[in-house]
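Here's the structure, in C-alpha cells; my notes come after.
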Amino acid sequence: VVGASSGIGEAIARELGRRGSRVALVARRSERLDEIRAEIDAQAGEQRALVFTHDVADVGAVPSLFQEIATRLGGLELVVYSAGVMPPVALDEFPTEKDLGTVQANLSGAIAWLNSAADRFSRARAGTIIGISSVAGDRGRVGNPVYNATKAALSTYLEALRNRLARKGVTVLTAKPGYVRTALIDGAPLPRFVPVISPKRAADQILAAAAAGDRVVYVPGWWRLVMTAVRAIPAPLLERINV
Ligand SMILES: NC(=O)c1ccc[n+]([C@@H]2O[C@H](COP(=O)([O-])OP(=O)(O)OC[C@H]3O[C@@H](n4cnc5c(N)ncnc54)[C@H](OP(=O)(O)O)[C@@H]3O)[C@@H](O)[C@H]2O)c1
C-alpha cells in the first residue's frame, strides 16, 4: 500500500493485515509506519507488515523497490496507490511550484508504481490494482485546478490500464471517494450538510468493490448520482457558482 502512513491507505493496510494478508507499508513518515506495523503485527500475533520509507517523487527508485517488496512479501496479489496531497490553493493563486508537487504525488508517483504493478500482473495473468482517485477528477472546479486535473488524469490512466489488463485477467479498480475524515481535508472548506465518512468505512467499501471486480467505485455509492448531476451542470453556469 503506497501512502499507508495515514488516512485511507492506512485503513486499507490495517484491514488487509486484519484479514490475514502480509502487507508492505510505503510512505515518507517512517516513525508513523513503524507504529502502524507494530499494531498490525500485535493484533495478528505474528509479523504481517513490513515498512518501506519512500518519497513517491523519487520515481527512479520505484522499479527496484517494487521488486524488493514483492520478494520480501513472498509474492504480490494487490497494489494500492493511495498517496496524495491537496495543498490549499486560494482562489486568486496560481502556484506553479505547489501545483507541480501535487502532480508528483498524485500522478507521477501513481504512474511509476502502477506501471510496475501492471507489468508484473500482466505477465502473471493475475492481480489487482487499486488507484485512489477522487470525485474531484470528474469536473474542473474553482477550488483546486491541479488537484482536479491530477485526479482526472489518474482516473483516465486507470481506465486505460484496465482496458489493457482486463484481457490478462487483472482487475483495475478506480476508487472515487467523496469526503473522508483524514488529514488531507483538515481545514479545507467543506460544503455544509455533506456527510464525511471514516477512513475505515472508505477502506471497507473500496476493498469490497475490488473483491467484486468492480471497475469504478464511488465512496459512498451515492456520490455517483451527485457527480452525474455535477457533470451535467452547463459550463456557463459552472463559471458563475462556487461548486
Ligand atoms: N480525504 C478525502 O476526503 C479524499 C477524498 C477523495 C480522494 N482522496 C484521496 O485519497 C488518497 C489518500 O488521502 P487521505 O485522505 O487518506 O489523506 P492523508 O491521510 O493525508 O494520506 C495521504 C498519504 O499519502 C502519502 N503521501 C503524500 N505525499 C507522499 C510522497 N511524496 N511520498 C510518499 N507518500 C506520500 C502520505 O504519507 P507521508 O506523508 O508519510 O509520505 C499519506 O500516507 C489521496 O490520493 C487523496 O487524494 C481523499
Side-chain angles (χ1 to χ4, degrees), residues 1-44 46-59 61-86 104-117 120-121 127-134 150-151 154 158 173-175 177 180-186 197-211 217 219:
V1 179
V2 183
S5 59
S6 60
I8 300 168
E10 174 186 347
I12 289 175
R14 285 182 183 278
E15 188 56 27
L16 291 171
R18 203 187 60 74
R19 294 180 188 182
S21 300
R22 303 194 70 213
V23 58
L25 312 173
V26 182
R28 291 168 300 182
R29 284 171 290 167
S30 50
E31 283 176 15
R32 183 76 198 116
L33 293 176
D34 281 335
E35 286 167 17
I36 296 165
R37 169 185 52 189
E39 286 167 24
I40 291 174
D41 290 352
Q43 201 182 29
E46 62 175 18
Q47 201 205 355
R48 288 216 178 129
L50 297 172
V51 165
F52 298 87
T53 308
H54 166 76
D55 185 334
V56 297
D58 187 6
V59 289
V62 173
S64 61
L65 181 55
F66 187 90
Q67 186 52 48
E68 185 190 342
I69 289 172
T71 304
R72 288 195 45 207
L73 286 178
L76 207 51
E77 292 168 7
L78 168 69
V79 173
V80 182
Y81 191 88
S82 188
V85 295
M86 189 179 71
Q104 277 187 327
N106 297 7
L107 186 59
S108 308
I111 291 169
W113 279 93
L114 300 185
N115 275 351
S116 286
R120 181 184 175 96
F121 290 161
T128 298
I129 289 171
I130 300 177
I132 313 296
S133 187
S134 172
T150 58
K151 293 303 184 178
L154 178 59
L158 290 166
L173 174 68
T174 307
V180 183
R181 203 171 303 106
T182 70
L184 190 103
I185 60 166
D186 264 358
I197 65 166
S198 69
K200 161 88 172 106
R201 196 164 152 218
D204 286 345
Q205 291 184 19
I206 290 165
L207 289 173
V217 63
V219 182

Can you name the nearest heavy-atom pair linking [X] to [Y], along with the distance?
X	Y	value
E39	R14	OE1-NH2, 2.7 Å
S30	T53	CB-OG1, 3.1 Å
L33	A4	CD2-C, 3.8 Å
A83	V56	CB-CG1, 4.2 Å
G75	R120	CA-NH2, 4.1 Å
P199	G7	CB-O, 3.7 Å

Measuring from atom [atom1] of [X] to atom [atom2] of [Y], what distance do you get when rounded to the nearest 0.5 angstrom?
X	Y	atom1	atom2	answer
L154	K151	CG	NZ	5.5 Å
I69	L25	CD1	CG	9.5 Å
L207	L16	CG	CG	5.5 Å
I8	S198	CD1	OG	10.0 Å
K200	E15	NZ	CD	4.0 Å
R22	L73	CZ	CG	5.5 Å

Ionic contact status for R29 with E31, cut-off 4.0 Å: no

S5 and side chain to side chain contact (heavy atoms under 4.5 Å, CB included): which partner among E10, E35, R32? R32

Given side-chain contact (heavy atoms from CB on, under 4.5 Å), test I111 with V59 step by step and report yes or no. CA-CA 9 Å; I111 291 169; V59 289; over 6 Å; no

[Y] side chain reached by [X] side chain, heavy atoms, under 4.5 Å:
X	Y	value
V180	I185	no
I206	I132	yes
V26	Y81	no
S21	E77	no

Assess whether side-chain contact (heavy atoms from CB on, under 4.5 Å) is satisfied between I197 and V219, documenting all intermediate values. CA-CA 9 Å; I197 65 166; V219 182; 3.8 Å; yes

How far apart are the C-alpha atoms of R201 and D204, what are their side-chain angles, what is the distance that settles it, and do they pass the salt bridge (charged side-chain N to carboxylate O under 4.0 Å, His left out) test? CA-CA 5 Å; R201 196 164 152 218; D204 286 345; over 6 Å; no

Has E68 got more than 12 heavy atoms of other residues, nucleotides or ligands less than 6.0 Å from its CD? yes

Does W113 form a side-chain contact (heavy atoms from CB on, under 4.5 Å) with L65? I'd like the steps, not just the answer. CA-CA 10 Å; W113 279 93; L65 181 55; 3.8 Å; yes

